[in-house]
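Worksheet: one structure, shown below.
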Amino acid sequence: MSEQNPEQHTISTHVEEMNELMKRRREELEELKRQNINPYPYEFSQTNFSQDIISQYKDESPQQSVSVAGRIMSIRRMGKASFCHVQDSHGKIQVYLKKDEIGDSYETFRLLDIGDIIGVEGYVFRTKMGEISIHAKRFELLSKSLRPLPIVKEKVDEQGNKHIFDPLSDKELRYRQRYVDLIVNQGVKEVFIKRTKIMNTIRKFFDTRGYLEVETPILQPMYGGAFARPFITHHNALDIDLYLRIADELYLKRLIVGGFDAVYEFSKDFRNEGMDRSHNPEFTMLELYVAFKDYRWMMDLVEQMVSAVAHDVNGSMKCKVGGNEIDFTPPWKRVTMFDAIKEFTGKNLRSTTEEDVKINMKELHLEIEPGMSWGSMIDEIFSEFVEPNLIQPTFITDYPIEMSPLAKRHRSEQGLVERFEVIVNAHELCNAFSELNDPLDQRFRFEEQMKLKDKGDEEAQVLDEDYLRALEYGMPPTAGLGIGIDRLTMLLTNQDSIRDVLFFPQMKPEH
RNA sequence: GCGCCCAUGGCUCAACUGGUAGAGCAGCUGACUCUUAAUCAGCGGGUUGUAGGUUCGAGUCCUACUGGGCGCACCA
C-alpha cells in the first residue's frame, strides 16, 4: 500500500480533530490545486534579504529590483490591492500587491493566509506612510501552511519603540513547538545565534593557539570525570551495558598521555538527575586540557577567553544579567575558598578539624548530614554563605581534597588541591585544576571514592583501571578546564532558564 | 521526590460570594487600488486539561490523574 497517491491523503485522516481554521486551510489547498497551482513547488531564486533591502535603500536611487522569500506574517487587504509582511531569516519587509500590476494572480493571493511561504519579485519603494516596501511584480506560493499561527502584532510608535501585542507566552507551547516560538517571537532566534557565536569564538580562540579539537566516546563502558548518576543503555551485539558519558575528562587526559599538548571538546554530557532552571538531562560542556601548565596559568587563559567571548558576542565587556550588570574586564578577583568564607562568615576555617567545622556548621544553622566530611561541610558553608554574594566574575581557589579526586594536591597547602572555580552571578561558571598525574595518588583517590560508593553514595566516582594504566605510562603536568556552555550562554544572553538556551529542552511526553 | 500556583475558542485574556461562557486578535461574508495593532458592516467558532464527586445547578467547590510554572531537595 506504499504506492498510494498522496493526493488521496489530503483530506483523509484526522479530520475529526481539526478545527474550522484548519479545515478552511485544507479547502484552500484543494482550491489551489484545482487552479493548477502547485502549493509545494521545488525552488525559488531568492536574491535578497529583507533587512539588507531596508538598510541599503536610498530614496534618490533608481528603482531596485529584488526577489525575497519568506513567510506571510500579516495581511491587510483593501479590495483590489493588499499589503502583507513577509518574514525571512533576517527580518521582515512589507510587500504591496495590486491587481493592476499582478493581474490574475491577485485572485490566487486571496487564497493565501498568514503562515504561507511565498516568493516575491518586485522593486523597492517607500510608501506614503514611509515604510520601505516591495512593490510586487510577481509572486509565487512556495508552501501552503495548514495550521493557524499564533498572531503576534506589533506597533512602532513615533519614538521608534516597538510595542508587542499578545506575545506567544505559553511556555509549554514555546518549548514543545519551538518552531512556532521561533516564527512568532522576536528575539528567540537571537539567543540561539549568540549561542553558536559563543561556541565559534571559543573554537577560534583555541584554534589560533594550536589546541586540537577532538571527539571522544559518548557511549562509555565506564563513566567518570564527574559526580553524577549516569544514563545506562545496552549494546545488543556485545550484550553489555554502556553508559552515556557524564564527562569526557578521562578520555581527554588519555590523549594528553598519548602526546597531544592541548586538546578540547564540546562535549554533550548526560546526567540522570533532577531538572530545573539550570539543569537539563543533556547539556554541553567544554573541556580543555593543556600539557605543562598549571591552574594558575589556566586562570589567565580563562579570563582572556571568557572576556573575549563576552566582547565578541555582545560588543562589550559588560552585560546585564537580571538586575545586575556584570563586567568581564580582566583581571578578575582571585580569592581562596577559605579567605572567601572568612570574608562572608567571619570564620577562619583553614586549620580546623572535622569537629571544629561541625561546631561552626551549627553556629551557622546548617544541617549536618550523616557521612559529611570536613571538605563537604566546608563546601556547604561556601555555597550557603559565599556563592550567593559573588556577582562579578571571581576565581575561588584551593578546594578541600575530598571534593576533588582528579585534582592534584596543592604544592604548599595540606589537605587542599590546586583547583579553581569561576563564580559569576552567584553561579559556578567553570571548574579547573592542575590535573592529578601521580598514578599512585590517583589510585588512592579512586579507592577513597569506592569506599563512598560502598557506603551508598550513588554519585561517587568509579575506579577506572584503564585510566590508571594510562597515567602509569606517564602524563605530563597538565592544566584542565570545564565550562558549562549552556550556563555561559544564559549569562551572555540574559536568560534565567536553561530551557531558553536549548532549542529543544527535555519535556515530559505530551500525552 | 516534596510544597505552592496554573490549565477557558488557533493566540492573548475576562466571567463578583457556585446560576448555565464573553472580549480583542486570527477566521468567514461584504465594502475599500499606499495600508500598517488598517478601517467599516455583518457572521461563525468552546462537552472550560482528563476522570469522578458535592449540588436543583459547577469554568467556579472537593478528590484523583495529566501537563506546565515557581520554590525546595537532588544537583561535583
Side-chain angles (χ1 to χ4, degrees), chain A residues 18-25 27-28 73-85 92 94-102 106 110 113-115 125-131 133 135 145-157 162-177 180 184-185 224-229 246-247 249 271-281 283 285 367 369 375-376 379 383 399-400 402-407 417 419 421 427-428 431 433 449 452 457-461 482 484 496-497 499 505 507-511:
Chain A
M18 273 191 286
N19 61 42
E20 63 172 305
L21 297 176
M22 289 174 69
K23 284 182 186 151
R24 171 77 202 170
R25 286 180 180 232
E27 283 161 18
E28 283 165 352
M73 297 303 287
S74 65
I75 304 179
R76 289 173 294 282
R77 302 181 200 271
M78 298 163 305
K80 298 186 186 61
S82 297
F83 285 91
C84 65
H85 272 99
K92 267 182 231 190
Q94 183 172 249
V95 173
Y96 178 53
L97 304 106
K98 66 173 174 176
K99 194 167 183 184
D100 290 353
E101 200 77 49
I102 63 172
Y106 193 78
R110 289 185 198 277
D113 283 301
I114 289 172
F125 75 114
R126 188 188 287 276
T127 65
K128 279 182 191 163
M129 301 301 287
E131 181 165 348
S133 308
H135 188 120
S145 165
L146 297 181
R147 278 178 190 270
L149 218 45
I151 302 298
V152 177
K153 293 206 170 190
E154 61 181 55
K155 181 188 185 164
V156 182
D157 67 17
K162 226 178 232 180
H163 299 274
I164 309 282
F165 298 88
D166 303 332
L168 172 64
S169 55
D170 181 339
K171 289 200 174 174
E172 185 169 1
L173 198 156
R174 290 186 50 216
Y175 296 148
R176 286 195 197 280
Q177 302 184 39
V180 174
V184 303
N185 279 340
F227 297 90
R229 288 158 65 183
I246 58 172
E249 169 154 1
R271 298 188 183 175
N272 206 341
E273 290 154 355
M275 295 157 58
D276 62 30
R277 273 207 289 173
S278 53
H279 296 264
N280 194 67
F283 62 101
M285 179 85 100
E367 208 170 311
E369 280 155 43
S376 54
D379 190 61
S383 14
Y399 284 66
E402 294 99 315
M403 319 296 300
S404 317
L406 299 167
V417 290
R419 169 179 174 184
E421 286 190 356
H427 287 101
E428 172 194 337
N431 183 19
F433 23 90
Q449 287 292 312
L452 291 175
D457 183 347
E458 290 188 84
E459 279 152 9
Q461 301 198 15
D496 59 10
S497 171
R499 294 192 161 134
M507 302 285 278
K508 287 194 191 178
E510 244 175 295
H511 296 296

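Being a predicted model, the structure only gives us computed values, none of them experimental. Every chain is numbered from 1 and lettered A, B, ... according to where its sequence line falls, protein lines coming before strand lines.
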hbond_proxy Glu101(A) side chain to rU33(B) base (donor-acceptor, 3.5 Å cutoff): no
Nearest-Å distance for atom pair CD/C1', residues Glu510(A) and rG49(B): 12 Å
Euclidean distance, atom NE2 of residue His135(A) to atom C1' of rU33(B) [Å, nearest integer]: 10 Å
Look at the side chain of [X] and decide which nucleotide, out of [options], has an atom nearest to it.
X         : options                   : value
Lys80(A)  : rU33(B), rU12(B), rG27(B) : rU33(B)
Asp113(A) : rA76(B), rC28(B), rG10(B) : rC28(B)
Asp276(A) : rC74(B), rG69(B), rA26(B) : rC74(B)

Base partner of rA26(B), which must satisfy Watson-Crick or wobble distances under 3.5 Å: none
Arg76(A) side-chain N/O to rU35(B) phosphate OP1/OP2 under 4.0 Å: no
Phosphate-side-chain proximity, Arg24(A) and rG27(B), N/O vs OP1/OP2 below 4.0 Å: no
First encountered from the 5' end of RNA chain B, between Arg499(A) and Gly274(A): Arg499(A)
Sugar-phosphate only, base, or nothing, as touched by Glu154(A) at under 4.0 Å among non-hydrogen atoms: sugar-phosphate
Touch class at under 4.0 angstrom, heavy-atom based, for Glu273(A) against every strand present: sugar-phosphate
Parallel, tilted or perpendicular: ring planes of Phe125(A) versus Tyr96(A), cut at 30 and 60 degrees: tilted
rC13(B) to rC6(B) separation - C1' atoms, rounded to the nearest Å: 14 Å
